[in-house]
Amino acid sequence: AAFGVSAAFLVCYLIYHYFAGHVRFTGPEPVLTLYRVILLTHILLAVAVPVLALRTIYLGLKDRREQHVRWARWTFPIWLYVSVTGVVIYLMLYHIYPS
């Protein structure tokens, strides 16, 4: 269920940004550096999440529990980090420093 909701969000996000375009960050320089670090790590890890999640789900469905747990130990914290930093980026762009 979590993977399905995440996949639906990703599709909606990509469609929105295809039509809305790029949003420029307007915060002060020291915050801009922090924003870029958060954004870069968010993007890099977000690319890995679908692969990690699909593999973890596959192993769980095939009842390969030991491998599933090993993959989940990496997948869950990365997925959680991407989820939280996505909210932080949203707040920084649209609420704390709106353009």
Can you give the donor-acceptor pairs under 3.5 Å from side chains of residues 37-59 to other protein atoms, not counting sequence neighbours?
unit_1: T41; atom_1: OG1; unit_2: V37; atom_2: O; d: 3.0
unit_1: T41; atom_1: OG1; unit_2: I38; atom_2: O; d: 3.0
unit_1: T41; atom_1: OG1; unit_2: Y81; atom_2: OH; d: 2.6
unit_1: H42; atom_1: ND1; unit_2: V82; atom_2: O; d: 3.2
unit_1: H42; atom_1: ND1; unit_2: T85; atom_2: OG1; d: 2.8
unit_1: T56; atom_1: OG1; unit_2: L52; atom_2: O; d: 2.7
unit_1: T56; atom_1: OG1; unit_2: T75; atom_2: OG1; d: 2.8

Handout entry: Hydrophobic cluster membership, V11 vs F19, 4.5 Å side-chain cutoff
Key = yes
Handout entry: Other ILVMFWY residues reachable from V69 by side-chain steps of under 4.5 Å
Key = none
Handout entry: F76, CZ atom: more than 12 neighbouring heavy atoms under 6.0 Å
Key = no
Completion exercise
CZ (R65) and CZ (R70) are apart, to the nearest 0.5 Å, by 15.0 Å
Exercise for the section: Can you see which heavy atom on R24 is nearest to which on S99, and at what distance? Expected result: O-CB, 4.0 Å
Exercise for the section: Examine Y13 and Y16 and state if one hydrophobic cluster contains both, with Ile, Leu, Val, Met, Phe, Trp and Tyr joined whenever side-chain heavy atoms are less than 4.5 Å apart. Expected result: no
Problem - Joint hydrophobic cluster, L80 plus I78, side-chain heavy atoms closer than 4.5 Å - result: no
Exercise for the section: Would you name the heavy atoms of A72 and P77 that are closest together and state the gap between them? Expected result: O-CD, 3.9 Å
For residues 26-36, run the donor-acceptor check on the side chains, cut-off 3.5 Å, and write out each pair with its distance to 0.1 Å, sequence neighbours left out.
unit_1: T26; atom_1: OG1; unit_2: Y97; atom_2: O; d: 3.0
unit_1: T26; atom_1: OG1; unit_2: P98; atom_2: O; d: 3.4
unit_1: T33; atom_1: OG1; unit_2: E29; atom_2: O; d: 3.4

Practice task
Could you tell me whether the side chains of R64 and Q67 share a donor-acceptor contact shorter than 3.5 Å?
Solution key: yes
Exercise for the section: Following the transitive rule for hydrophobic clusters with a side-chain heavy-atom cut-off under 4.5 Å over Ile, Leu, Val, Met, Phe, Trp and Tyr, establish whether V87 and F9 coincide in one cluster. Expected result: no
